[in-house]
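What follows is a set of notes on a single structure, which appears directly below.
To find a chain, count down the sequence lines: A is the first, B the second, and so on, and within it residues start at 1.
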Amino acid sequence: MAELDEVTRKLTIKLVYYGPAMSGKTSNLICLHDLLSPDLKGEIMTLETHNDRTLFFDLLPLGFRTPSGWLVKFKLYTVPGQVVHDATRKAVLSRADGVVFVADSQRSQGVNNAESFQNLEENVGRVGLNFEALPLVVQFNKRDLPNVLSETEINERWSVAPWPLMMASALKTTGVRETFIRLLEAVYPALDKNFSLHEKLDTDVVSFINAATGESLGNRS
Amino acid sequence: MSSPLSMRQQENRLEIGVRGYDSVLSLRELLSGVVPEKLSAALTVLLGSSVRVVSADGGWVMGEAPVLTNTARRLPLVNELETVGYLETSSSDEACVRAVMIILESFMRSGARYFMASEMHIEVVKTDYEDLQRKHSALMASEARFKALAEQLEERVKEQVNTIASARSQLYQVDKLASVGQLAAGVAHEINNPIGFIRSNLSTAQSYVQKLQGVAELFKSSSDTALCDAWQSDDLDFVLEDFSTLLHESVSGADRVARIVSDLKGFSNVDQAEEELIDLNENIRSVCNVAANQINSRADLKLILGELPPLHCKSGHLSQVFLNLLLNAAQAMKQRGEIQLQSSVEQGQIVIHISDTGCGIPPEVLSRIFDPFFTTHEVGAGTGLGLAVSRDIIRAHGGRIEVDSVANAGTTFSIYLPIDRSAS
């Protein structure tokens with residue numbers, strides 16, 4: 001659940017990149033850091049082991065100030081994908097406002113994707129969130145690799161799922177920004193319902209997303 | 001594994017005061033890894049002028065006294081998009097100031113990393129610990145369940161063993177009684193015939209003696225002196241009189257044998273499983289006859305038999321109970337004493353007390369005397385089944401048997417048998 005502080009006029013939104021090990025969650029964050037140019041952009045904080053696998057999580061802070069003086073802060077987290085780090089995944093997932101599930105498009109990764117997605121569903125329940133209502137975008141990453149599932153196959157397999165399906169290649173910087181925007185489109189209505197953002201922050205979904213991605217405000221850094 | 005659990009986890013976290021890896025950090029916390037005096041001294045050297053680091057709210061200061069002169073500058077220190085403090089310096093060397101800012105923000109980043117990693121570590125350890133505890137308590141619960149089951153099992157096995165033991169004791173006793181009964185019936189039958197003709201012959205003999213006595217007068221009043229002398233010298237007067245007495249005693253002896261044989265037959269009816277309507281006092285009397293020989297040498301038997309209504313029962317089995325108790329009472333006599341057998345009717349029950357003035361039963365043994373195979377006798381001297389079987393027989397008749405004993409004063413067994421079993 002996002003935190004809204006009336007005194008310091010600050011809204012903090014937590015977004016989590018979930019998925020199996022090595023599916024490119026950290027790459028998504030690195031790519032977003034390079035692609036986006038919001039008002040405020042922090043450095044990526046990585047907590048990794050010596051072999052470059054995420055130990056606890058990565059954190060990318062992004063944010064902007066509204067004309068009325070509100071600070072809107074996004075904290076983008078990744079979870080460690082390895083099965084053993086389930087407690088960490090639960091801790092990162094708790095109080096999340098939205099989730100991107102980063103799946104590995106390679107044919108060999110079908111089982112890992114499925115297990116991780118089931119783990120996401122279970123953990124969402126365990127940390128007290130409602131899976132039905134949770135803003136979620138499913139991204140199939142590594143589209144640039146050979147021997148991946150075709151888009152038709154993926155669409156067929158996920159045809160009954162209610163979540164947006166995005167194709168991406170984080171290393172080629174394609175689809176990552178679009179995934180983030182789709183997530184914000186899903187998150188904004190939920191936040192607006194809870195906090196009346198349109199009244200308090202004087203925003204709508206378009207201006208909110210533009211400010212978060214730095215689209216129309218231009219690059220001020 | 002539902003949401004209430006995680007709510008509880010969150011409450012726990014609040015209680016214990018863990019801040020969480022994603023909490024907002026102050027400048028002081030971000031720089032907690034450095035020694036303030038050393039860092040500010042180093043920064044002063046690098047900038048070549050006085051320097052101060054102040055938190056955003058001004059509450060925490062590192063460095064010299066205020067340096068706010070005309071030329072002083074105030075640069076924001078940013079963590080996670082937010083200004084958490086300021087660097088104040090009067091240095092005008094732009095490159096040096098920027099270098100110092102980079103150093104400070106690097107320290108802050110590493111402080112933040114350390115903080116987040118340690119908080120996450122605590123959180124993960126806590127969750128794992130809670131998981132372990134939950135599993136542990138689940139294990140404990142299942143262990144307790146199995147333990148309870150095991151105990152129940154033991155109890156049930158014990159119950160089964162008891163059932164089998166008492167069934168075996170009854171079988172054993174019934175078998176024994178049946179063979180004794182058969183033997184007794186056979187012997188009784190064999191004795192019955194000869195005793196019948198002995199008895200009848202004795203009666204005939206008595207009538208013959210009477211006839212002889214009638215003729216005796218003729219002999220004595222005869223004039224034949226030789227005959228009279230012979231009569232006198234052989235003392236035939238006495239012979240004739242004693243003959244009659246002898247025959248009379250033999251008749252009553254034969255009668256007694258006949259009675260014992262018939263009692264033995266009735267008593268040996270144990271394998272006859274049919275219930276019959278009998279007067280229990282008759283049973284008691286016949287048992288006393290059978291046991292008389294063993295009792296008479298040790299005790300005086302006193303019967304106080306009240307009038308009893310006829311009872312539906314397996315008379316052979318009840319006789320066995322009375323015999324057991326009578327023989328036990330006789331065995332309890334260290335010196336000659338008294339055994340009293342009393343029957344009466346109380347509140348719809350036939351009550352039979354069998355009291356002796358024997359040695360009594362020690363209190364530590366009293367609670368076990370009805371246990372199958374419990375015996376105070378030497379191995380081989382007693383089966384330890386008598387009282388167990390007696391109790392089973394009384395119970396089978398819907399009644400109960402009680403014992404009351406005073407050491408060295410005597411023991412009383414009381415048997416209560418409902419007259420109308422369907423009413424009880």
Side-chain angles (χ1 to χ4, degrees), chain A residues 1-3 5 8-10 12-16 38-49 54-65 71-77 79-80 84-96 121-131 221, chain B residues 1-14 16 18-26 30 56-57 76-84 101-102 104-135:
Chain A
M1 198 65 239
E3 281 173 49
D5 190 334
T8 57
R9 291 166 82 77
K10 184 167 81 175
T12 310
I13 298 160
K14 183 177 189 177
L15 305 173
V16 175
D39 216 359
L40 304 160
K41 185 162 77 175
E43 292 300 310
I44 295 184
M45 183 89 74
T46 56
L47 297 169
E48 68 203 6
T49 53
T54 305
L55 173 60
F56 286 140
F57 53 82
D58 303 315
L59 167 61
L60 171 62
L62 299 170
F64 63 88
R65 283 195 183 277
L71 170 62
V72 177
K73 197 157 127 182
F74 298 95
K75 290 171 107 172
L76 277 58
Y77 286 94
V79 297
V84 292
H85 294 309
D86 201 44
T88 314
R89 273 196 295 280
K90 269 190 282 185
V92 172
L93 198 58
S94 77
R95 301 189 298 283
E121 184 175 353
E122 286 165 4
N123 279 343
V124 162
R126 286 178 191 146
V127 301
L129 294 170
N130 179 3
F131 191 65
S221 62
Chain B
M1 298 303 155
S2 59
S3 52
L5 188 70
S6 70
M7 292 295 286
R8 207 160 53 232
Q9 284 173 338
Q10 286 176 13
E11 279 163 24
N12 278 347
R13 192 169 60 201
L14 290 178
I16 294 168
V18 175
R19 290 186 53 195
Y21 62 91
D22 54 354
S23 45
V24 177
L25 302 176
S26 69
L30 290 167
D57 58 4
L77 293 165
V78 176
N79 177 59
E80 247 191 38
L81 313 179
E82 291 179 73
T83 302
V84 292
M101 288 293 284
I102 287 170
L104 272 175
E105 289 196 338
S106 298
F107 276 134
M108 286 161 57
R109 273 178 66 75
S110 104
R113 270 172 63 105
Y114 174 78
F115 182 87
M116 288 198 286
S118 60
E119 288 294 319
M120 177 57 86
H121 175 72
I122 290 170
E123 208 161 310
V124 166
V125 165
K126 266 178 66 71
T127 333
D128 286 349
Y129 181 67
E130 280 162 6
D131 257 12
L132 273 179
Q133 278 195 319
R134 206 166 27 245
K135 279 176 195 159

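Ring pair B:Tyr21/A:Phe57: centre-to-centre distance below 6.0 Å.
Interface remark: A:Thr12 contributes no atoms to any contact with chain B (heavy atom separation under 4.5 Å). Proximity to chain B (any heavy atom under 4.5 Å) is shown, for A:Val124, by neither the backbone nor the side chain. At a 4.5 Å heavy-atom cutoff, the contact between A:Leu62 and chain B is made by backbone atoms alone. Contacts of A:Glu43 with chain B are made by both backbone and side-chain atoms, with heavy-atom separations under 4.5 Å.
Qualifying side-chain contact (heavy atoms from CB on, under 4.5 Å) partners for B:Leu104, counting only residues two or more places apart in sequence or in other chains: B:Leu31, B:Leu39, B:Leu43, B:Val53, B:Leu77, B:Leu87, B:Val100. Every residue two or more places apart in sequence or in another chain that forms a side-chain contact (heavy atoms from CB on, under 4.5 Å) with B:Val125 is listed here: B:His121.
Surrounding OH of B:Tyr129 are at most 12 heavy atoms belonging to other residues, nucleotides or ligands under 6.0 Å away.
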